[in-house]
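Written below as structure tokens is the structure these notes are about.
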There are 2 protein chains.
Amino acid sequence: MDINPESSKARQTSRVSGRRATLKEVAAEVGVSRATVSNAYNRPDQLSEELRVRVFEAARRLGYAGPDPTARGLRKQRTGAIGALYTDRLSYAFADPAAVMFFEGVSVATEEAGLGLLLIPGGSLGQRDPEILMSAAVDGFVIFCMAEDDPLVEATLRRQMPAVLVDQPPIEGVPSIGIDDEAAARLAAEHLTSLGHRSFGVVSFDLDKDSKSGFADIDKQHAATYLPSRARLRGYESALEAAGISWADVPVYECAENVPGMAAEAAEALLALAPRPTAIIATSDQLAFGFMEAVKKAGLSIPEDISVVGFDDVPEAARANPPLTTIHQPHVEKGLRAGRMLIAQLREEEPPETQVLLPTRLVVRGSAARTDH
Amino acid sequence: MDINPESSKARQTSRVSGRRATLKEVAAEVGVSRATVSNAYNRPDQLSEELRVRVFEAARRLGYAGPDPTARGLRKQRTGAIGALYTDRLSYAFADPAAVMFFEGVSVATEEAGLGLLLIPGGSLGQRDPEILMSAAVDGFVIFCMAEDDPLVEATLRRQMPAVLVDQPPIEGVPSIGIDDEAAARLAAEHLTSLGHRSFGVVSFDLDKDSKSGFADIDKQHAATYLPSRARLRGYESALEAAGISWADVPVYECAENVPGMAAEAAEALLALAPRPTAIIATSDQLAFGFMEAVKKAGLSIPEDISVVGFDDVPEAARANPPLTTIHQPHVEKGLRAGRMLIAQLREEEPPETQVLLPTRLVVRGSAARTDH
DNA sequence: TGCCTCTTCTAAACCGTTTTACTAAATCGT
DNA sequence: ACGATTTAGTAAAACGGTTTAGAAGAGGCA
């Protein structure tokens with residue numbers, strides 16, 4: 001319990017010279033079998049209290065910190081952790097409030113169940129690296145935000161472990177959770193058409209794993225391998241076409257990364273267009289923030305000169321200037337439910353709900369206004 | 001590579017009926033020894049290319065996804081992941097931008113090294129639970145943000161693995177990284193005294209593991225077991241005393257959690273004081289945000305009626321309204337360096353720097369002004 | 001006393017790999 | 001053509017625990 005000099009010295013050079021002590025050594029010290037030491041830790045009812053105490057004393061003397069998790073995992077066939085597979089470098093995930101909220105939800109589920117949470121990057125340093133994935137000692141996977149043609153998805157599934165797909169097209173035999181991206185996106189577009197807008201621009205995050213920034217034509221949009229991108233663009237398309245606006249004339253600027261900074265480029269490209277769009281729809285709040293920033297820098301004002309609608313409703317949207325009109329989706333709950341769906345599988349409980357769609361809604365704030373045009 | 005019906009069917013019921021295939025079964029299928037199959041995966045130069053292909057074919061036929069990470073970990077005595085131990089529930093970490101940035105830095109380091117990142121909550125559901133910690137299969141620990149009397153720190157160290165302490169008092173034999181909290185805090189207080197303020201209030205996050213919100217007297221401040229809290233308060237104290245202000249008269253309100261919402265309580269308590277403080281120092285930006293929010297709700301304005309200085313300089317500080325004057329510290333770099341210090345130990349490289357202090361600086365923005373008082 | 005049930009502990013199999021030391025066959029240099 | 005090296009593959013010992021089946025002894029009951 002205490003941090004006393006003795007114990008911290010023991011840490012540096014364990015009594016058994018250098019190497020970490022093992023259960024076998026503790027058994028030898030006490031003069032009992034390995035099974036008994038194991039029982040002392042795992043099934044106190046299997047030995048006398050007095051012997052149990054002697055075991056723990058010997059353990060402390062030897063600097064033995066308890067059964068090795070790896071060995072235990074091997075024997076018990078469960079590691080006590082689940083893996084969360086993210087499409088890209090983790091630093092991108094941490095920089096995206098929506099992803100962070102999702103992980104927050106997952107972490108609530110893992111803590112409920114007493115499990116650890118292993119974060120697994122899908123790619124780093126540009127190349128996709130199955131190394132970390134394939135050497136991840138976990139009991140199951142939450143597959144988050146992966147492109148549908150990403151070989152890592154198939155590789156993960158091949159490990160034949162419980163898994164949950166998040167924001168991805170369903171795969172037979174694997175439960176999924178997400179939102180109706182297309183319907184949600186329609187809400188955003190319809191809000192703007194109902195305010196009288198006829199001239200649009202769209203800012204999207206990446207459509208495919210290795211995208212470059214730039215305008216994306218309809219073919220590219222329809223072939224996008226990130227489900228959220230593809231479905232949201234489809235949603236905008238159908239709402240605008242329904243309002244009699246030709247989607248072919250709507251410029252869609254794809255940003256290679258979902259960070260505010262990237263939207264500055266998009267703004268430059270879209271604001272230069274003639275006629276200048278009166279309304280911009282972004283597939284994420286992050287991009288909307290960046291876009292608004294750039295608009296202000298250009299000396300225009302929101303929503304007077306140009307209306308902006310985002311997607312995600314991260315907390316900062318409410319505090320933005322002006323407050324961002326956007327589509328709400330329950331990120332934390334998505335993570336929580338995904339985590340629980342996975343954990344239910346681990347317990348081999350009744351087959352969990354297999355396809356969950358969470359509700360979304362339009363949140364009207366101050367970044368979109370009626371156009372005078 | 002492809003997601004075709006065959007492979008997804010294979011996933012559900014592997015050819016070897018139910019159970020996951022093992023390396024031994026693959027060996028039997030090909031008619032070679034286990035060593036050879038192992039070599040096919042790990043040391044291609046040890047067998048003929050043709051045999052290697054046959055091994056992989058058999059593996060695919062049997063639905064074998066490659067060597068089991070746990071077994072491999074046991075044999076090789078390394079798991080390919082490091083653990084990040086956080087003081088509390090992970091959801092608190094994810095809700096705190098400073099912690100998220102720290103993890104972002106750590107993740108960069110782990111990806112550089114091809115390691116996974118296991119997040120370990122120190123406590124959940126109120127009780128401190130060593131279960132997840134003790135069953136974490138990792139090669140080392142980043143110990144982040146723990147109270148110095150937390151038994152989990154000692155428990156971690158007892159595992160005799162490489163570790164790095166972050167924002168905690170040094171322990172012999174364990175490298176640490178952090179900032180000079182006391183000096184940094186002095187900067188904040190001195191900025192306000194230099195603007196003429198004489199009447200102060202302080203908003204702090206928790207001083208100890210299981211704190212309740214409320215005013216904290218000097219004894220409690222000095223006995224705080226979270227180093228950052230204790231040291232920052234000391235910094236404020238020494239700067240104000242140096243300016244001739246009696247610290248005993250400065251109200252310090254402790255918030256039980258480091259979230260903006262909690263600062264509303266603090267604001268209520270501090271604004272009701274007579275005379276009302278003209279300057280508030282917060283030990284985190286999160287609290288400063290919440291405080292500013294509450295001040296505005298109370299019909300006062302910042303910095304005209306009251307000046308606020310934060311701590312951390314999270315990105316949102318620059319976008320706040322008004323932009324927050326605060327103390328900058330390099331969160332991402334802290335995580336990156338901590339991760340690298342740990343990884344260097346794993347590699348048994350030259351003993352890494354053992355005590356790192358990162359630089360801090362005052363960032364003057366718009367939330368603190370000269371007082372007319 | 002004899003039989004049965006607890007309690008307390010143990011022997012040994014097993015979890016799925018990697019790695020060391022070794023063998024047998026093929027190739028090389030001269 | 002012959003010993004020396006290289007190549008290709010193997011047997012078996014770890015790695016550090018958990019768990020099953022069972023033994024030895026103690027106590028209870030008739």
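Convention: sequence-line order gives letters A, B, ...; per-chain numbering from 1. Owing to the predicted nature of the structure, the values given are computational and were not obtained by experimental measurement. No hydrogens, no waters, no symmetry mates; every other heavy atom, side chains included, goes into these values.
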Might you confirm whether atom CZ of B:Arg54 has over 12 heavy atoms from other residues, nucleotides or ligands at distances under 6.0 Å? yes
Given C:dT10, D:dG9, D:dT10, identify the nucleotide with an atom nearest to the side chain of B:Ala35. D:dT10
Distance, rounded to the nearest Å, where A:Asp45 contributes CG and D:dT18 contributes C1': 15 Å
Atom CZ of A:Arg72 to atom C1' of C:dC15: distance rounded to whole Å? 14 Å
Strictly below 4.0 Å: does B:Ser33 bring a side-chain N or O up to OP1 or OP2 of D:dT10? yes
Can you tell which of D:dG9, C:dT17, D:dT18 lies closest to the side chain of A:Leu23? D:dT18
Find which nucleotide of DNA chain D each of A:Val37 and A:Gln46 is nearest to by heavy atoms, and output the residue with the more 5' nucleotide. A:Val37
Does D:dG17 have its OP1 or OP2 closer than 4.0 Å to a side-chain nitrogen or oxygen of A:Arg34? no
Please pick, from D:dT10, C:dT17, C:dT18, the nucleotide with the shortest atom-to-atom distance to any side-chain atom of B:Asn42. C:dT18
With respect to the phosphate group of C:dT19, does any side-chain polar atom (N or O) of B:Ser38 fall under 4.0 Å of OP1 or OP2? no
Given atom CZ of B:Arg75 and atom P of D:dG16, what is their separation to the nearest angstrom? 10 Å
Separation of C:dT10 atom P from A:Asn39 atom CG, nearest Å, is 10 Å
Considering every strand and a 4.0 Å limit on heavy-atom distances, what is the contact class for A:Leu47: base, sugar-phosphate, or nothing? sugar-phosphate
Between C:dT17 (P) and B:Tyr41 (OH): distance, integer Å: 9 Å
Option from A:Leu23, A:Thr79, A:Asn42 for which side chain to side chain contact (heavy atoms under 4.5 Å, CB included) with A:Arg72 holds: A:Asn42
Can you classify the ring geometry of A:Tyr41 versus A:Tyr64 as parallel (below 30°), tilted (30 to 60°) or perpendicular (above 60°)? perpendicular
For C:dC9 and A:Thr36 - does any side-chain N or O of the residue sit under 4.0 Å from the phosphate oxygens OP1/OP2? no
In whole angstrom, give the distance that lies between atom CZ of A:Arg159 and atom C1' of C:dG16. 13 Å
Nearest-nucleotide pick for B:Lys76, side chain only, options being D:dT18, D:dT10, C:dT18: C:dT18
Indicate the atoms forming the closest heavy-atom contact of A:Leu152 with A:Gly122, along with that distance. CD1-O, 3.0 Å
Name the nucleic acid region contacted by B:Val32, choosing base, sugar-phosphate or nothing; use a 4.0 angstrom heavy-atom cut-off, strictly under. sugar-phosphate
Contact check, side chains of B:Val142 and B:Phe102, non-hydrogen atoms, under 4.5 Å: yes
For D:dA14, take OP1 and OP2 only and decide whether either is under 4.0 Å from a side-chain N or O of B:Gln77. no
Would you please confirm or rule out a distance under 4.0 Å between OP1 or OP2 of C:dT19 and any side-chain N or O of B:Arg43? yes
Set out, in order, the CA-CA distance, both residues' side-chain angles and the distance that settles salt bridge (Lys or Arg N to Asp or Glu O under 4.0 Å) for B:Arg20 and B:Asp68, then state yes or no. CA-CA 10 Å; B:Arg20 256 194 305 279; B:Asp68 177 74; 5.5 Å; no
Minimum-distance nucleotide (side-chain atoms of A:Asp68 versus D:dT18, C:dT17, D:dG16): D:dG16
Spacing of A:Leu74 atom CG relative to D:dT19 atom P, expressed in whole Å: 12 Å
Touch class at under 4.0 angstrom, heavy-atom based, for B:Tyr64 against every strand present: sugar-phosphate
Rounding to an integer number of Å, can you tell me how far B:Glu49 CD sits from D:dG9 P? 11 Å
